[in-house]
Undergrad: 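Before we start, here is the structure in question, set down as structure tokens.
Only this structure's heavy atoms are used, side chains among them; waters, hydrogens and symmetry mates stay out. Per chain, numbering begins at 1; letters A, B, ... match sequence-line order. Because the structure is predicted, anything quoted here is derived from the model rather than measured.
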Amino acid sequence: SKESSAPHRHVTEFVGTAMGDTVGLVIANLDPQLHEYMKLDKKYRSIGFLSARTGGAPHVMAADEAVKATNTEVVSIEMARDTKGGAGHGATIIFAAEDVSDARRAVEITLEAVEKNFGNVYSSDAGHIELHYTARASMALEKGFNALVGKSFGIIVGAPAAIGLVMADTAVKTANVDVVTYASPNNGTARSNEIIISITGDSGAVKQSLLAAQEVGLSVLSSMGEIPKSGSTPTLI
Amino acid sequence: SKESSAPHRHVTEFVGTAMGDTVGLVIANLDPQLHEYMKLDKKYRSIGFLSARTGGAPHVMAADEAVKATNTEVVSIEMARDTKGGAGHGATIIFAAEDVSDARRAVEITLEAVEKNFGNVYSSDAGHIELHYTARASMALEKGFNALVGKSFGIIVGAPAAIGLVMADTAVKTANVDVVTYASPNNGTARSNEIIISITGDSGAVKQSLLAAQEVGLSVLSSMGEIPKSGSTPTLI
Amino acid sequence: SKESSAPHRHVTEFVGTAMGDTVGLVIANLDPQLHEYMKLDKKYRSIGFLSARTGGAPHVMAADEAVKATNTEVVSIEMARDTKGGAGHGATIIFAAEDVSDARRAVEITLEAVEKNFGNVYSSDAGHIELHYTARASMALEKGFNALVGKSFGIIVGAPAAIGLVMADTAVKTANVDVVTYASPNNGTARSNEIIISITGDSGAVKQSLLAAQEVGLSVLSSMGEIPKSGSTPTLI
């Protein structure tokens, strides 16, 4: 095999990269044919978008911050079965905007926020666990996880899937929270080896549930061999 | 990245681990919210469950032994697209029971039986083949592969999928067996790169078919480079 | 684990191997039970087939050459989520024929053509891009991508998926081409981390679109770290 010798022109659409083999891009005037295939609302000419090889929830959480801070709409969240041989997802998230500068800003904010969200993603050779918390869900979480906008919201992920289930059970028994979504290998995932729940409730209850789920998840995943490591800096402690 | 510094409490739900990056757990009283999301029969309070990163059929076969020996029901078998970058599945299997000790025992038996079932799983860098045999199928095989309970039953797997197809054709021509299920990348798998058939018939016919499929499968997989290796100790010889 | 000690008989069904962990096989008289499960037209007794761990479009392109040159029909194209931990697909393609020599020849031609088609597949640790062109689509491309037989046809793939989208937008803006298919992680792929479009139009327009898509794709993928490398010898230059 040989390296590409094609000239690498400056790509005006390029915005940046982030943890998770993530790349962010923008298109000022999406081609009308693609617009139709993608079933986007015609009022939006511009899109900002990003794909990650590794990370579903960390990227949706980051996009949630972006949509709060910009005049954009999250029009699509798709999950690939990926993580480069790991047990989970990669994500593709599309923001639509009337103005390309808004679309670009949404992608920038998302890319900036991703690394922080890997702080509560713990991985080992055997699998991974994730905990995500926001005090106030916005429209990316509504799109991706049916969150109620404005409410406290948490996401709990465990892989292999059995770990997600014991984390889920622990979480909902720990405090007064409601389950919003439940996904498993055959239903609601891209056939990833995960059980994923999202929860809502009082801010304190959601946090308490995540902490309890984290504790049991770390213990069980550790029992499978390696001690899991945080992707960046843990914040749920 | 840093290692988790969270205290690792003793997890009462933990049962054990097994080959395949497999972990087994038990929940004595499944939370009612999860119970509903998982669509389980309300008469069961307790579940025992396990997930593997690698191994669909070996784990269903092991669960079949467990369900024979315990007062449990196999209520769910889900297949992730996994094997850690390999061509096949990981499995999540849930046993339900009225009594938690039954659920725990089912998980224990399954974990103990898994390694033996990897004896007839042969893997190489290019793919894998699997042969599984039981003289008397029980309810895990009924749930996972539509087996007739009490009958001789065999499972044949080949990856990449073309190997499974030539193994399948060889098997059904070798002896008087009936095909029970046929699965391929687009139908009946989690988009794994496998063709999987299950067969029934007289005990001798099923065994003879598996042996012939094994021979052709090993030969073709070997032709792709490495000599495939058994996961533990071959028994179908 | 131990190596298989089973005797490796000569397998008459074996045809050959190719780049992509690809194996080709033939069955002269497909077993009637399998024939039915596979929903094949009864007039075909013989099948030739191949599976790849890595490569969807390169194999369909190769099969398109084979079907032009032989008296066979492409009866099935299935895409696994594979590439051995990469972001894309593996393919299983089945040719049916009344005569086994035709089926064998179709597999041989496909295997011979595959390596060339990896010339315009560029991969890095972060992802891959692909460009495929034919002046005259035949029935494998019709089956796999709804191509109009006899027309110029191009396929554009980018992974992670965002790269495919910016390549697609660039392609359709570059020249007067029509989008034939659009696939993304949740629709039309096996949950791969790709956006894939196929295009048709004048031969010159299709080529010009592919070149422009290649340039932007290589630039963006390069921005993610490694310089992508061609799988064999680039031809689209």
Side-chain angles (χ1 to χ4, degrees), chain B residues 81 84-87 118 122-127 129 158-166 168-173 177-179 181-182 184-187 189-195 197 199 211 214-234 236-237, chain C residues 1-18 20-39 47-56 76-86 89-94 107 189-192:
Chain B
R81 176 68 187 89
K84 304 176 91 170
F118 274 102
Y122 291 86
S123 304
S124 72
D125 177 64
I129 68 157
I163 297 181
L165 181 48
V166 74
D169 184 67
T170 302
V172 293
K173 284 172 175 166
V177 293
D178 289 319
V179 176
T181 58
Y182 175 91
S184 61
N186 282 20
N187 293 295
T189 69
R191 307 301 292 255
S192 73
N193 202 332
E194 299 173 306
I195 284 175
I197 66 162
I199 56 175
L211 276 165
Q214 177 174 261
E215 193 185 352
V216 71
L218 285 173
S219 177
V220 174
L221 184 54
S222 297
S223 77
M224 296 182 75
E226 287 176 24
I227 304 297
K229 288 183 187 174
S230 161
S232 60
T233 305
L236 195 73
I237 44 180
Chain C
S1 69
K2 63 193 262 186
E3 292 193 6
S4 151
S5 58
H8 289 183
R9 70 160 168 132
H10 175 65
V11 175
T12 54
E13 296 91 340
F14 181 74
V15 178
T17 61
D21 292 289
T22 303
V23 63
L25 294 149
V26 72
I27 294 174
N29 284 289
L30 182 67
D31 179 85
Q33 280 194 70
L34 289 179
H35 212 289
E36 192 134 325
Y37 273 99
M38 295 168 71
K39 300 181 182 66
I47 59 171
F49 52 104
L50 56 119
S51 285
R53 295 290 308 278
T54 297
S76 167
I77 298 176
E78 300 196 24
M79 295 287 170
R81 175 69 187 89
D82 203 339
T83 54
K84 304 176 91 171
H89 289 114
T92 294
I93 301 171
I94 304 178
V107 173
T189 69
R191 306 303 292 255
S192 73

Undergrad: Distance-only, no hydrogens or angles: does the B/Glu226 side chain make a donor-acceptor pair with backbone N or O of B/Ser124 under 3.5 Å?
TA: no
Undergrad: Run B/Glu194 and B/Thr189 through side chain to side chain donor-acceptor pair (under 3.5 Å) and show every step you take.
TA: CA-CA 8 Å; B/Glu194 299 173 306; B/Thr189 69; over 6 Å; no
Undergrad: With a 4.5 angstrom heavy-atom cut-off, which part of C/Ile47 approaches chain B: side chain, backbone, both or neither?
TA: side chain
Undergrad: I'd like to know which of C/Gly86, C/Ala80, C/Pro32, C/Gly85 tops the heavy-atom pair count under 4.5 Å against chain B.
TA: C/Ala80
Undergrad: Using a cut-off of under 4.5 Å for heavy-atom pairs, which of B/Ser192, B/Ala168, B/Ser223 has the most such pairs with chain C?
TA: B/Ser223
Undergrad: Sort out for me which of C/Asn29, C/Leu34, C/Asp21, C/Val26 touches chain B most, counting heavy-atom pairs under 4.5 Å.
TA: C/Leu34
Undergrad: Please flag which part of B/Leu221 lies under 4.5 Å from any non-hydrogen atom of chain C: side chain, backbone, both or neither.
TA: neither
Undergrad: May I ask you to test the B/Ile195-B/Tyr182 pair for a side-chain heavy-atom distance under 4.5 Å?
TA: yes
Undergrad: Mind checking what makes side chain to side chain contact (heavy atoms under 4.5 Å, CB included) contact with C/Ala18, not counting sequence neighbours?
TA: C/Thr22, C/Leu111, C/Val114
Undergrad: Between C/Gln33 and B/Val177 (side chain of the first, backbone of the second, donor and acceptor by atom type, cut-off under 3.5 Å), is there such a pair?
TA: yes
Undergrad: Could you tell me which residues satisfy salt bridge (charged side-chain N to carboxylate O under 4.0 Å, His left out) with B/Arg81, sequence neighbours excluded, listed by chain and number?
TA: C/Asp82
Undergrad: If you tally heavy-atom pairs under 4.5 Å against chain B, which of C/Leu50, C/Ile27, C/Thr17, C/Thr92 wins?
TA: C/Ile27
Undergrad: What part of B/Ile163 gets within 4.5 angstrom of chain C, counting heavy atoms only: side chain, backbone, both, or neither?
TA: both
